[in-house]
Amino acid sequence: MLGAYEWEVLRLSLFVATLACAIFMPLACLWVWLYDRYRFFAREALDILFHLPLVVPPVVVGYSLLYLMGREGLIGAWLFNCCAISFAFTWKAAVLSSGTMALPLMIRALRTSLETMDRGLEAAARTLGASRRRAFFEITFAQIVPGFSSALLLGFVRSFGEFGATITFAGSIPAKTRTLPLAIYNYTLIPGAESDAARLSIIACLVASAAIFASALLHRSRRRRLQI
Amino acid sequence: MLEFDITRSLPKHSTRHLLHFRSSLRASEDRALFIALCASNGGGKSSLLNMLSGIDRPDSGVITFAATKLFDTTTNPNINLAPEARRVGYVFQEQRLFPHIKVEGNLRYAARARKRNGKISFNDGNSCKYDSKQDFAEVVESLALAGLLNRYPARLSGGEKQRVALARALLSSPRLLLLDEPLSSVDRQRKQRALRLLEAWNKQRSITIIYANHDLEECATLASHAITIVREESHSAEENIDAKGENIARSRVSAYGSIEEITTRLETSSEIGARALSIVPAYLGHASKIDSLWEASLNDPAASSDRASFELSTPDGMTPPLICNKKRTAYVRIRADDVLLAESDDKRACTARVLEIRKNDNDSSHTGQLLCGGQRLLISLTEQQTRYLDTQKDGLVSVRIRKAESGIR
């Protein structure tokens, strides 16, 4: 049913989205924890910066990434000179751009569930001998599993569907950075390829549905386990 | 020994709540402190416990427990031991069980946390004197938790949660155990067993216990000392409002001392519970026909001819030897209503001296303080009786004690 080209597009998209989640989810967790626990310089400013991709046009994010991480960019040039790592127009760029777009969604989901936690439980853990950090990770953090899974879901779906930032920063190079949305967009530019575009669109819908279903399953099994 | 003198100001909506708690209690040689803490709602009872446990930081003051400074703002740098370094077990009013961990995991949390926290050491060498496996079995048995170990806290009833919370705190090998209404929803029989476990650990393991409750009655006969907290909203409007125009409420320790002293004092009688009662030591005689009734007297029958004897009831399954010491004395609870004026020829009456009489705030009744057989006792009096007592010149009256209670009700 699917041609070799479609398989490749799908495989690349899943690869990029998974990797973006795998890299940016820990970052989101780290930031949520730092923001919650410590008061430090530029705390609010950094938080706004991480939320920007949610509100600015994706093309701005893509352009900023290009400006910062491109081979001539501020960080990109340094990275290329010292470690010979280059982002622009490789799959790494696709991961970076879709991850950046997904980060604020993951932060929001994690923070919302953190806010609903009863922090008195941490105090209880500390009277039982747990250090401050341990109490946070073993009690509060361990409990935000639903927030965790919804953050992962949102992040994954967002990365999977990311278009604007990716096409700006990573370009649309077949087998390298042409993820599913870019491939669909590419088909719409070719006269007579409407059915191909439609087929890929249906695939996109199916993948997103599967992600939501998996998350709901996870949620339900947890609810059953805790009997709440 | 437990000493504290701490202040804290709590901004609460429109009212600023100023707390100043000061107390100094010393344990007797044979037994660690068992302190009953009484306060009305909003009195700052939980705030005091939070500060003792290290969860909340007092604004200023000193907390000393068993020669260890837990908190001190008079030194530079200030001392403020972290909660995990204080070895304070805390049973919260709302239990605070970890919802994502099964009951067994909750109970074993402290053992796991302490093991990993190797860097925190305690300067008393006896921290591992007791076999933790045996402790676990003992606590699970005494609090009837065996059937609950495999459940998540969400599936427990209120009383079950309280028993689990108590067990979890006990198993954290505390030196000081703070209990905030720990057994309010536990049924009578299980409450008795739980209190007996507390008594045993208090006596055998020298765990200092602070038992907070609205009412003194629950732990009255176990406690060796009492602290009462009052919240004062003074009547004059000026005093109640500070420079910023905020309302102010003040809480302070109104009395602290041994349990007999606190319960037989007129000033504090209304602060320790709904009904006035006296906690006094009594000498135990023999058991009467009905198992739960014992004969007891206020003073040693061998030493005195004028003895105040009375029937002592004990809860089912509890025999006085369990709750009394080697001299066959046990702390008993005598309600002021159960002390009656008697005819002088009544065989069971004894002579008492009236020390002081005070009118109760809410009705026309009075409460009197008597000295009877060397013990202070409270008595409830009607207006008429009060007038009659006023006519007795020497202040001597005959009283009869109807009954007394021991143990846990």
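Numbered from 1 within each chain, the chains take letters A, B, ... in sequence-line order. Values below: every heavy atom of this structure, side chains too, minus hydrogens, waters and symmetry copies.
In this structure, the side chain of A/Glu138 does not engage the main chain of A/Phe136 through any donor-acceptor pair within 3.5 Å. B/Arg86 contributes a side-chain N or O that, together with a main-chain N or O of B/Leu81, makes up a donor-acceptor pair within less than 3.5 Å.
Contacts with chain B (heavy atom to heavy atom, under 4.5 Å) involve no residue of residues 20-51 of chain A.
The list of ring pair (Phe, Tyr, Trp, His ring centres under 6.0 Å) pairs with a residue in residues 144-166 of chain A, not counting sequence neighbours, reads A/Phe163-A/Tyr185. A side chain to side chain donor-acceptor pair (under 3.5 Å) check over residues 157-167 of chain B, counting only residues at least two apart or in different chains, returns the pairs B/Ser157-B/Glu160, B/Gln162-B/Ser184, B/Gln162-B/Ser185. Sorted by first and then second residue, the salt bridge (charged side-chain N to carboxylate O under 4.0 Å, His left out) pairs involving residues 50-60 of chain A (not counting sequence neighbours) form an empty list.
Between chain A and the residues B/Pro153, B/Pro83, B/Ala110, the largest count of heavy-atom pairs under 4.5 Å involves B/Pro83.
Crowding of A/Lys176 atom NZ: a count of heavy atoms from other residues, nucleotides or ligands under 6.0 Å not exceeding 12.
Of the atoms belonging to B/Leu97, it is backbone heavy atoms, and not side-chain ones, that fall under 4.5 Å from chain A.
Residues B/Ile210 and B/Leu177 fail the side-chain proximity criterion, which asks for heavy atoms closer than 4.5 Å.
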